[in-house]
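For reference, the structure discussed in these notes is given below.
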Amino acid sequence: MKITVEHTDAPENEVVLRCRELDEEMLHILSLLKSGLQTLCAWTEDREMVLLQPGEVLYAESVDERTWLYCAEAVWPTALSLSELEARYEPLGFCRISRSMVVNLHGIRQLKSCPGSRIEATMRNGEKVVISRRYGPLLRARLGM
């Protein structure tokens, strides 16, 4: 792949992708570009809105009928369900790993096999989450394993 950067005096930045066909590599590049334009809405304890970039979220968990977004140094409640997070942000690396959790694949630092066909994922911030047996094959497929 050839990459060219041109400096211009145009008032707005522009990205142009030229490709013979829209293959997996180009689709991945498009999703990365779009991820910078998307935000996730969360809330503070004072009900103030917080806008997060999808890449900031390591994983999301459903606890007591509420969805929580776990970032490197903070946890935020959100109005989105796990199903909505998975559907909206799947192209950006969000993947279901259990009935109550969605993980950002880009937030995983290490994977380890555990007894009972489970997988333990260590996130960028050192937290560990467990991928259930049911969702292990999906995770392996998404990671190309």
Side-chain angles (χ1 to χ4, degrees), residues 1-19 21-112 114 118-145:
M1 173 178 24
K2 176 182 166 185
I3 298 175
T4 304
V5 178
E6 297 176 3
H7 296 278
T8 178
D9 293 332
E12 187 176 9
N13 291 332
E14 177 184 24
V15 176
V16 177
L17 291 177
R18 289 189 186 92
C19 56
E21 63 179 290
L22 198 57
D23 58 8
E24 286 295 318
E25 182 181 37
M26 289 293 115
L27 290 171
H28 180 69
I29 291 169
L30 280 172
S31 71
L32 288 174
L33 289 169
K34 288 180 180 180
S35 71
L37 304 174
Q38 295 186 11
T39 57
L40 277 162
C41 183
W43 306 96
T44 66
E45 291 177 8
D46 300 329
R47 300 297 297 162
E48 294 177 3
M49 187 184 304
V50 177
L51 297 177
L52 303 169
Q53 297 295 316
E56 292 179 80
V57 177
L58 299 174
Y59 63 95
E61 184 176 28
S62 178
V63 179
D64 296 331
E65 298 181 18
R66 291 191 68 190
T67 305
W68 299 87
L69 302 174
Y70 291 78
C71 299
E73 296 182 17
V75 180
W76 306 99
T78 183
L80 296 172
S81 69
L82 291 179
S83 296
E84 289 171 320
L85 285 169
E86 183 181 21
R88 288 184 191 181
Y89 302 103
E90 184 266 337
L92 304 178
F94 282 53
C95 178
R96 180 73 71 135
I97 62 166
S98 71
R99 267 185 46 196
S100 62
M101 196 174 289
V102 170
V103 72
N104 181 349
L105 297 176
H106 303 292
I108 296 174
R109 182 173 50 200
Q110 181 179 348
L111 294 171
K112 176 183 170 188
C114 294
R118 291 195 168 110
I119 303 168
E120 181 182 83
T122 303
M123 308 307 291
R124 284 190 316 243
N125 66 349
E127 284 190 57
K128 296 180 188 306
V129 296
V130 176
I131 293 95
S132 72
R133 290 188 309 253
R134 177 179 174 198
Y135 291 95
L138 173 63
L139 176 74
R140 287 182 183 91
R142 291 285 309 274
L143 293 174
M145 299 169 60

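Please read these numbers as outputs of a predicted model, since none were measured by experiment. These values consider heavy atoms only, across backbone and side chains, with no hydrogens, waters or symmetry-generated copies. We number each residue from 1, following the sequence as shown.
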Distance check, rounded to the nearest 0.5 Å: [X] atom [atom1] versus [Y] atom [atom2]?
| X | Y | atom1 | atom2 | value |
| --- | --- | --- | --- | --- |
| H106 | M123 | NE2 | CE | 11.0 Å |
| M26 | C19 | CE | SG | 5.5 Å |
| I131 | I97 | CD1 | CD1 | 4.5 Å |
| R118 | E120 | CZ | CD | 12.0 Å |
| M145 | I119 | CE | CD1 | 6.0 Å |
| L80 | R88 | CG | CZ | 5.0 Å |

Can you list the steps and then say if L40 with Y89 is a side-chain contact (heavy atoms from CB on, under 4.5 Å)?
CA-CA 10 Å; L40 277 162; Y89 302 103; 3.2 Å; yes
Is there side-chain contact between [X] and [Y], with heavy atoms separated by less than 4.5 Å?
| X | Y | answer |
| --- | --- | --- |
| T44 | W76 | yes |
| R124 | L58 | yes |
| C95 | L138 | yes |
| L52 | C71 | yes |
| W43 | M49 | yes |

[X] side chain vs [Y] backbone, donor-acceptor pair below 3.5 Å:
| X | Y | answer |
| --- | --- | --- |
| N125 | E127 | yes |
| S62 | S100 | no |
| R99 | S132 | no |

Atom CZ of residue position R109 - does it have more than 12 heavy atoms of other residues, nucleotides or ligands inside 6.0 Å?
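Yes, the 6.0 Å shell around CZ holds more than 12 heavy atoms from other groups.
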Check against side-chain contact (heavy atoms from CB on, under 4.5 Å), V129 and E61
CA-CA 10 Å; V129 296; E61 184 176 28; over 6 Å; no
For the pair S83 and R96, evaluate side-chain contact (heavy atoms from CB on, under 4.5 Å) and give the outcome as yes or no after the intermediate values.
CA-CA 9 Å; S83 296; R96 180 73 71 135; 3.4 Å; yes
Test side-chain contact (heavy atoms from CB on, under 4.5 Å) applied to M101 and V103, step by step
CA-CA 7 Å; M101 196 174 289; V103 72; 5.5 Å; no
